[in-house]
Amino acid sequence: MIKTKLCELLNIEHPIIQGGMAWIADSSLAAAVSNAGGLGIIAAGNAPGEIVREEIRKAKRLTDRPFGVNIMLLSPYAEEVAKIVCEEKVAVVTTGAGNPGKYIEMWKENNIKVIPVVPSVALAKRMERSGVDAVIAEGHESGGHIGELTTMALVPQVVDAVSIPVVAAGGIADGRGLLAALSLGAVGVQMGTRFLVAKECNVHQNYKQRVLSAKDIDTVITGLSTGHPVRSLRNRFTRELLNIEKQGLDAEVFEQRAAGSLKRAAIDGDIDFGSVMAGQVSGLVRKEQTCSEIIEEIVKEASDLYKALGGMVR
């Protein structure tokens, strides 16, 4: 057993948070992760508030343990979802794609733990001043929307800059990654790609198989020219997007082509012309397991390795 401040803060058994993956992280996956001792997350994405409410209530029927909701702050429904998590008494909110400052007081008044995802020291410090409970420092290796700094570089700098707990994310899929994150000063990890292939994950099987067959160099970044870079697995769609950028076409052309691409891959199973978002760690992910098996394997590997190194996790 590895117990950290994150376990105490969130009332969970293991210091592992499941990433909030739009179109992928639903009530089934979130409840399974929470039942396995981690913190499951429902991804609100661009879904209307009542859809998110329905997923929250489904999760409550599937688990009596804490779970959270990830709110994508650029969503047109962000404010609506921000209020719904209070009404539904969700335990934890994670946020991405913006500054959640205007909602923090409301969430704290409703006893919700607030943990924003941050790509930089500056935003981590701003979030600490806003009164959040912890931050998730997410490195460049992660899947989906990414920042510039790698996990190895970002996490210790954030740890040194703030006094609140820091969770590491990006490029973590096994016990070695968990132990490395703890060594950098983090109190736990957030993982997305590893949970993509969980048996309880309802993403299309084509998507899972593409992740399972990925090699170390199979991810590519698109959207750098638009200011909104995304990491996904190479396919005909990413080649098309890169060609649009190479030609210097208007960003609007790029955005129009990219619209709906994640849904095409995650729901429809189109892994040729859909966006198969996944992290650089895809090459480490080799088998489909239950969430319980994934978490137990990671914690055991980290514990065994730490003991072999002659240390003691505090």
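Residues: numbered from 1 along the sequence shown.
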Indicate yes or no for a side-chain donor-acceptor contact from Thr151 to the backbone of Ala169 under 3.5 Å, with no hydrogens or angles considered. yes

Donor-acceptor check, side chain of Asn235 to backbone of Ile271, threshold 3.5 angstrom: yes or no? yes

From the list Thr95, Asn99, Val81, side-chain contact (heavy atoms from CB on, under 4.5 Å) with Leu73 holds only for Thr95

When rounded to the nearest 0.5 Å, the distance separating CG of Asp270 from CZ of Phe237 is 9.5 Å

Those residues at least two apart in sequence (or on a different chain) that pass side-chain contact (heavy atoms from CB on, under 4.5 Å) with Ser130 are Ile104, Met127

Residues pairing under side chain to side chain donor-acceptor pair (under 3.5 Å) where one sits in residues 163-182, two or more places apart or in two chains, turn out to be Glu128-Ser163, Asp174-Arg176

Worksheet item: Side chains of Cys86 and Met106: closer than 4.5 Å at any heavy-atom pair?
Response: yes

*Going by distance alone, is a donor N or O of one side chain under 3.5 Å from an acceptor N or O of the other, for Ser213 and Gln209?*
no

Worksheet item: Going by atom types alone, do His140 and Arg231 pair a side-chain donor with an acceptor below 3.5 Å?
Response: yes

Sorted by chain and number, sequence neighbours left out, salt bridge (Lys or Arg N to Asp or Glu O under 4.0 Å) with Lys113 holds for none

Sorted by chain and residue number, the side-chain contact (heavy atoms from CB on, under 4.5 Å) partners of Glu80 (sequence neighbours excluded) come out as Tyr77, Ile84

In short, side chain to side chain donor-acceptor pair (under 3.5 Å) pairs touching residues 19-34 with sequence neighbours left out are Asp26-Asn202, Ser27-Glu55

Requested in this report: Evaluate the side-chain proximity of Val203 to Lys208: yes if any heavy-atom separation is below 4.5 Å, no if none is.
Outcome: yes

Here the side chain to side chain donor-acceptor pair (under 3.5 Å) pairs for residues 82-92, sequence neighbours left out, are Arg53-Glu87, Arg53-Glu88, Arg57-Glu88, Lys60-Glu88

By side-chain contact (heavy atoms from CB on, under 4.5 Å), Ala214 pairs with (sequence neighbours left out) Arg210, Asp218, Leu233, Ser282

Salt bridge (Lys or Arg N to Asp or Glu O under 4.0 Å) filter on Glu200, not counting sequence neighbours, yields none

Sequence neighbours excluded, the answer for salt bridge (Lys or Arg N to Asp or Glu O under 4.0 Å) partners of Asp272 is none

* Charged N-O contact under 4.0 Å between Glu297 and Arg194 -> yes

**Message:** When you compare the side chain of Met277 with that of Leu262, does any pair of heavy atoms fall below 4.5 Å?
**Reply:** yes

Side chain proximity check, Val189 to Ile17, heavy atoms < 4.5 angstrom | no

4.5 Å side-chain heavy-atom contact, Trp107 and Val132: no

Short N-O contact, Glu8 and Lys3, less than 4.0 angstrom: no

Contacts of Gln256 meeting side chain to side chain donor-acceptor pair (under 3.5 Å) (sequence neighbours excluded), chain-then-number -> Glu252

For Gln18 and Gln190, test the side chains for any donor-to-acceptor distance below 3.5 angstrom and give the result as yes or no. no

Sequence neighbours excluded, the answer for side chain to side chain donor-acceptor pair (under 3.5 Å) partners of Asp268 is none

Side chain of Ser303, backbone of Val299: donor and acceptor closer than 3.5 Å?
yes

Glu255 atom CD, neighbour heavy-atom count above 12 within 6.0 Å: yes

Checklist entry - Is it true that Leu212 and Val281 fall in one hydrophobic cluster, defined by side-chain heavy atoms closer than 4.5 Å? => result no

Please indicate whether Glu105 has more than 12 foreign heavy atoms, meaning atoms of other residues, nucleotides or ligands, lying under 6.0 Å from its CD.
-> no

Looking at Glu138, is its backbone amide N or carbonyl O close enough to the side chain of Ser142 to form a donor-acceptor pair, meaning the two atoms are under 3.5 Å apart? no

query = Donor-acceptor pair, Glu13 side chain versus Ala36 backbone, under 3.5 Å?
reply = no

Problem - Side chain to side chain, Ile42 and Asn70, heavy atoms closer than 4.5 Å - result: no

Between the CD1 atom in Ile217 and the NZ atom in Lys215, the distance rounded to the nearest 0.5 Å is 6.0 Å

- Query: Does the side chain of Leu39 reach to within under 4.5 Å of the side chain of Ile16, using non-hydrogen atoms?
  - Reply: no

Glu245 meets the side-chain contact (heavy atoms from CB on, under 4.5 Å) criterion, sequence neighbours left out, with Thr222, Leu224, Ser225, Leu242, Phe254

Is there side-chain contact between Arg257 and Leu241, with at least one heavy-atom pair below 4.5 Å? yes

Taken to the nearest 0.5 Å, the spacing of Ile136 CD1 from Ile41 CD1 works out to 7.0 Å

